[in-house]
Amino acid sequence: MDYIIAAGMFQAGIAVALLWLNKKRNQYDNLLITLIACIGVHLFAKWVIYAMVDDKDVKLAMNTFIQLAYGPLIYLYVRKLKTGFIPLTYLFLFLPLFIATVAYFSVISSLFVNPVIGHAHLQIYNNWTSYFIVIGNGVYAVITSYLLKKWKKNIPFAEYKLIGSICAIFIFLNGLSIICMAIESNATYLLALRYVAYSLFMVICFLVVRHKYVGTNPPEIVADDEQKSVSDRKPILSSEQLADFADILNTYMRKTKAYLDIDFNMDKLSEDTNISRRYISETLNTYFFKSFYRYINEYRIEEFILELNKRIESDVEINLLSIAYQSGFKTKSSFNLYFKKIVGTTPTDYVKKNQDSLKKSAIQPFVFRLL
């Protein structure tokens, strides 16, 4: 058991270092780093107990307080992905962790001073923390899974898959915890189950590092559509028809804001407007002189700047990536790509250069495209 815990500690330490040194690290990653660091602390505490403590009750039954941090961290990560910031009031979610931390070190002190009384305190500590860990982390995992599905359109695919996998692991770990509580007297099975649990912690570390360095976003096809054109086809729509279809498309987009759907495509546009794909393609290319993706993403950029302006006027924290996801972009790369194409500069530079003017007008740069 010592070896698997030591391996997990080493992997958690490497994971934290890799995440911290990642040049693409953002404010969301701080929660992931904290999660991995908590896993490292958890395994370190267990390693100290297994390697240096002879007391069987302490080895088999002393819960580690840091487990109470896992649920709130994954919950807050999803919250921050959706809203862009976390109010300080949410820190109360870590109150059970704080109480358990004080109790943990109090029990250790009690065991040193008077082992008999210390074991009585240990039993009370384990009973209470076991219920908090199982119920708390289970509830957080279920709620977080629900929010993932509810906000699927506003959360990047990569983060959606990562947190979904972590929630599934924590739900499974909760099942193991319940089994451990039921067979507490059987040391052999208890150690085997903990071996599985510590191995799953290593899986979480691996998933997070892979997410940041490899990524799990599906390929987003944009270049092919940019190159498509109907210029080599014989026009089938008159100028009056093109104008009519253009008006229908613009009215539909303004009324429904369908572009906020990250999976919105030409098939959906065709179905909702009752205009064939070929007519839509010819209208976009001949009337607007742009591809479908360019047309949709201009609306998304406009939505992005409108939301940015609201946040500046309200004097709240601004998270560009969060606003981009809310505006319909699926990935950071596609957002940066189209923002640079449409606006002519990066989002960060745009905000720096236009901080004052944004408060006065949010959509000035894009009005021309509808004229």
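Please read these numbers as outputs of a predicted model, since none were measured by experiment.
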Chemist: Let me confirm one number: the CD-CG distance from E159 to L162, rounded to the nearest 0.5 Å.
Modeler: 7.0 Å

Chemist: The test is side chain to side chain contact (heavy atoms under 4.5 Å, CB included); show your working for K149 and Y160 and say whether it passes.
Modeler: CA-CA 9 Å; K149 293 182 179 180; Y160 176 83; 4.2 Å; yes

Chemist: Under a 3.5 Å threshold, yes or no: a donor from one side chain and an acceptor from the other, between Y140 and N174?
Modeler: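 Y140 vs N174: no donor-acceptor pair found between side chains.
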
Chemist: I'd like to know whether T331 forms a side chain to side chain contact (heavy atoms under 4.5 Å, CB included) with I262, so could you lay out the CA-CA distance, the side-chain angles of the two residues, the decisive distance to 0.1 Å, and finally the verdict.
Modeler: CA-CA 9 Å; T331 65; I262 61 175; over 6 Å; no

Chemist: Among Y259, Y325, F335, which residue meets the ring-ring contact (aromatic ring centres under 6.0 Å, His included) test with F304?
Modeler: F335

Chemist: Same hydrophobic cluster for L73 and I99, using side-chain heavy-atom links shorter than 4.5 Å among ILVMFWY?
Modeler: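 No, because L73 and I99 fall into different hydrophobic clusters, even though each may have its own neighbours under 4.5 Å.
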
Chemist: Given side chain to side chain contact (heavy atoms under 4.5 Å, CB included), test T273 with I280 step by step and report yes or no.
Modeler: CA-CA 10 Å; T273 58; I280 291 175; 4.2 Å; yes

Chemist: Roughly how far, to the nearest 0.5 Å, is CD1 of I74 from CG of N137?
Modeler: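 One finds 7.5 Å between CG of N137 and CD1 of I74.
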
Chemist: Around Y252, counting heavy atoms of other residues, nucleotides and ligands shown, do more than 12 lie under 6.0 Å from its OH?
Modeler: yes

Chemist: I'd like to check L284 versus L249 (side-chain heavy atoms, cut-off strictly below 4.5 Å). Are they in contact?
Modeler: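 Touching, per the 4.5 Å side-chain cut-off.
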
Chemist: If you compare all heavy atoms of F292 against all heavy atoms of N265, which two are closest, and at what distance to 0.1 Å?
Modeler: CZ-C, 3.4 Å

Chemist: Are Y198 and M202 side-chain neighbours, meaning at least one heavy-atom pair lies under 4.5 Å?
Modeler: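 Y198 vs M202: side chains apart.
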
Chemist: So which of V209, I36, L32, L35 actually passes side chain to side chain contact (heavy atoms under 4.5 Å, CB included) with V16?
Modeler: I36

Chemist: Would you say that L207 contacts I169 through its side chain, given a criterion of any heavy-atom pair below 4.5 Å between the two side chains?
Modeler: yes

Chemist: In chain order, what residues pass the side chain to side chain contact (heavy atoms under 4.5 Å, CB included) check against F105, with sequence neighbours excluded?
Modeler: F65, T101, I108

Chemist: I'd like to know whether OH of Y279 has more than 12 heavy-atom contacts from other residues, nucleotides or ligands below 6.0 angstrom.
Modeler: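 Atom OH in Y279 is not crowded, with 12 or fewer foreign heavy atoms closer than 6.0 Å.
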
Chemist: Would you give the length of the straight line joining atom CZ of F206 to atom CG of L200, rounded to the nearest 0.5 angstrom?
Modeler: 13.5 Å

Chemist: Which word best sums up how the rings of Y350 and F339 line up, parallel for under 30°, tilted for 30 to 60°, or perpendicular for over 60°?
Modeler: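 The rings of Y350 and F339 stand perpendicular, inter-plane angle above 60°.
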
Chemist: Is any side-chain heavy atom of F329 closer than 4.5 Å to one of L321?
Modeler: no

Chemist: Name all residues meeting the side chain to side chain donor-acceptor pair (under 3.5 Å) criterion together with Y70; count only those two or more places apart in sequence or in a different chain, and write none if there are none.
Modeler: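 Y70 satisfies side chain to side chain donor-acceptor pair (under 3.5 Å) with H42 only.
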
Chemist: In plain terms, say whether R294 and E298 are close enough for a salt bridge, that is, a side-chain N and a carboxylate O under 4.0 Å apart.
Modeler: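 The answer is yes: the pair qualifies as a salt bridge.
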
Chemist: Tell me whether the count of non-hydrogen atoms from other residues, nucleotides or ligands lying under 6.0 Å of CZ in F264 goes above 12.
Modeler: yes

Chemist: For the NE2 atom of H211 and the CG atom of D29, what is their distance to the nearest 0.5 Å?
Modeler: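 Reported value, rounded in 0.5 Å steps: 6.5 Å.
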
Chemist: Between N297 and K341, is any pair of side-chain heavy atoms under 4.5 Å apart?
Modeler: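 Side-chain contact under 4.5 Å: no.
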
Chemist: According to the interplanar angle, ranging from 0 to 90°, do the rings of Y295 and F288 count as parallel (below 30°), tilted (30 to 60°) or perpendicular (above 60°)?
Modeler: tilted

Chemist: When you check the side-chain N and O atoms of S130 and N63, is any donor under 3.5 Å from an acceptor?
Modeler: yes

Chemist: Going by salt bridge (Lys or Arg N to Asp or Glu O under 4.0 Å), name the residues that satisfy it together with K257, two or more places apart in sequence or in a different chain.
Modeler: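 Only E303 meet the salt bridge (Lys or Arg N to Asp or Glu O under 4.0 Å) criterion with K257.
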
Chemist: Charged N to carboxylate O under 4.0 angstrom, K268 versus D261?
Modeler: no

Chemist: Can R254 and E302 be counted as an ion pair, charged N to O under 4.0 angstrom?
Modeler: yes

